[in-house]
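Values in this document were obtained by computation on a predicted structure and should not be read as measured data. Every chain is numbered from 1, with letters handed out A, B, ... down the list of sequences.
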Amino acid sequence: MSTVKRAGPFRLILTLAVAGFASGLVLVTVYVRTAPLILENQKAALEAAIYRVVPGARTRKAFEVEDNKLVPYEGDGLPMENAVFAAYDDNGVLLGYGIPSEGPGFQDTIKLIYGYDPKTNTIIGMEVLESKETPGLGDKIIKDQDFVDNFKALAIEPEVVAVKTGTREAANEVDSISGATISSKAVVKIINAGNQKFLPLIAAAHESEEQP
Amino acid sequence: MDAQDKLYSETIKGFWRENPVFVQLLGLCPALAVTNSAINGLAMGGATAFVLLGSSILVSLFRNLIPKQVRITSFIIIIATFVTVADLSLQALLPTVHKELGAFIALIVVNCLILGRQEAFASRNRFPYAVGDAAGMAVGFTFALVLVGGIREILGNGSLFGLSLFGESFEPWVIMILPPGGFLTLGVLLIIFAQVKKSREKRSALEAGKEAA
C-alpha cells in the first residue's frame, strides 16, 4: 500500500492468483488433515448414542438397507447412512434397535437417533446428534431433560403426537417444549418418518428369522 | 513517544478506550447472537481472536506487496481462509464447542471488526504494532462478549458458566436469553459506557482548566 504508483493489471491478477493459490493450498491441507478426525467424531458420537438410546446395551450390530431388506453391514466401523443398529446385552439377547433419522427442524436439518424395542413396540430413548436450533430455545430438544424423558417409554401407534406442554395423557403423546413448539414437532415428525421407513423392514427381518 | 510506549498503547487501547463492541460498535452481530451464555461468548471470542490475529499478521507482513486496488479482496481471502481453518479445526478437535456455536463460526468472515482492523490498522503499520493492535482488540471483543453473555445468562438462566447461582426459587427472565435480551443488555451497557466516557471527559476538561488557570 505504500507504493505510490498504481499497479498494472498484471500485478493485480498476479496478487490475487497467488493469494487464491496459497489459500487453496492451506484449505486443502487442513481439510485433508481434519476430515478423518471429523468423521471419527461423528462415528464416535453415533456409537455412544446407540448405547444411550437402548439402555443396557453392551454390543451392537449394524444393518444396511439393501433392496428393501436389512442386511448385515460388512464394512469397517459404522455405516453413517441408511442403516439401523441392533443392540444386545451381555448374553447376546436383542434389546432393541437404534434407528437414526433426520428431517427439517426450525433452522436446519435435525439428525437424531432413537431406540426402538420390537417386543413392546415402543420407543425407549432418543438423542439428537446434530441440530442448529435456536440457542436457548430450540436447542432444548437436546438440553431439556423433561423433554428427552418423553421418549423413554413412548407408544408409537397410531403415530407419535406432540401436544401442548403439560397436557400429555396418552402413551403416544409427547409434551412439547414451551417456546420451542416447532422444534418439538420436528423431532416427533422425524421419529414418525423413521418408523415408517425402518419398522416394516425390522418386522420383516424378525419374521424371516422365525421361519427358517 | 518511543517504540515501546507506542506498542503498549496500541495494544491496550482495544480493551477499554477503543473497545470494539462498546466504543466502536463493531462486531455487534455476534455480540448479540451468540451471547446467551458466558461460555458461548468466550468460545466465540476465542475463535474471533484466532482469525483476527492470523489475518493481522499476514496483512501486516504483506502490506507492501498487496496493490491498493485489490486490497479488500486480498484481505477477505486471508480472513476467509483463517475462518475455514478455525471451523474445520474446531469440528475435528473440539466437536462440543463447535456444536454450541454452529453457524456463527462461518459468519466470522463478515465480522466487520476483523476487516476493519485490516483496513484501518494492519495494512498501515509494522508487524509488532499490528500484532499488538489485534491482540488488544481480540481481548476487548472477548471481554465484551463474556460480559454481555454473563449478564444474560445470570438473568435469563440463573447461572454463570453453567453453574447455578440462585437455586430453585429463582424465576429466570426467559426474555434475557432470547434475542430481545441481547439488545436490552447491550443497550444498557452502551449507556453505561457512554456515561463513564462523558464524565471522564468532563473531569479531564476541568483539570485542564485548573492547570491553565
Side-chain angles (χ1 to χ4, degrees), chain A residues 1-45 48 105 107-109 111 128-140 142-143 177-180, chain B residues 33-37 40 54 58-60 62-71 73-96 98-104 119 122-125 149 152-153 156-157 172 174-179 181-182:
Chain A
M1 214 141 314
S2 59
T3 39
V4 181
K5 68 172 200 294
R6 293 177 75 82
F10 179 72
R11 176 86 197 287
L12 302 186
I13 293 169
L14 186 74
T15 309
L16 289 182
V18 169
F21 180 76
S23 159
L25 210 62
V26 170
L27 289 186
V28 169
T29 316
V30 173
Y31 178 78
V32 168
R33 284 285 178 92
T34 53
L37 279 172
I38 292 172
L39 192 65
E40 271 319 289
N41 287 340
Q42 284 169 347
K43 285 191 171 169
Q107 309 262 29
D108 199 353
T109 304
K111 289 184 183 170
V128 175
L129 296 170
E130 220 182 293
S131 87
K132 293 198 171 70
E133 299 304 284
T134 323
L137 275 182
D139 70 348
K140 286 192 180 162
I142 304 172
K143 291 176 180 160
I177 301 162
S178 67
Chain B
V34 295
T35 52
N36 49 19
S37 71
N40 282 1
L58 282 192
V59 167
S60 172
F62 293 122
R63 69 185 189 282
N64 292 331
L65 296 175
I66 300 173
K68 205 174 173 188
Q69 297 95 315
V70 293
R71 67 185 191 288
T73 324
S74 310
F75 298 164
I76 286 290
I77 292 175
I78 293 172
I79 294 168
T81 309
F82 275 105
V83 170
T84 313
V85 169
D87 193 16
L88 289 172
S89 315
L90 276 178
Q91 260 185 66
L93 303 173
L94 297 167
T96 40
H98 188 269
K99 218 175 172 182
E100 281 292 320
L101 296 181
F104 291 110
E119 171 71 2
S123 62
R124 292 152 207 255
N125 284 281
R152 289 177 66 187
E153 193 183 344
N157 206 25
V174 179
I175 190 146
M176 293 308 283
I177 51 172
L178 299 180

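The two atoms that bring B:Ile77 and A:Ala19 nearest to each other are CG2-O, 3.8 Å, heavy atoms only. Nearest heavy-atom pair, A:Asn41 versus B:Gln91, reported as atom, atom and distance to 0.1 Å: ND2-O, 3.0 Å. Between B:Gln69 and A:Leu12, the shortest heavy-atom contact is OE1-CD2, 3.8 Å.
Proximity to chain B (any heavy atom under 4.5 Å) is restricted, for A:Thr15, to the side chain, taken from C-beta onward. For a residue to count as touching a neighbouring chain, one of its non-hydrogen atoms must lie under 4.5 Å from one of that chain's; by this rule A:Leu129 touches chain B with the backbone only.
Remark: B:Asp87 CG to A:Thr34 OG1 distance equals 9.5 Å, nearest 0.5 Å.
Under the side chain to side chain contact (heavy atoms under 4.5 Å, CB included) rule, A:Ser23 has a single partner from B:Thr84, B:Thr81, B:Val85, which is B:Thr81.
Contact tally against chain B (heavy-atom pairs below 4.5 Å) for A:Leu39, A:Val30, A:Thr29: the top residue is A:Val30.
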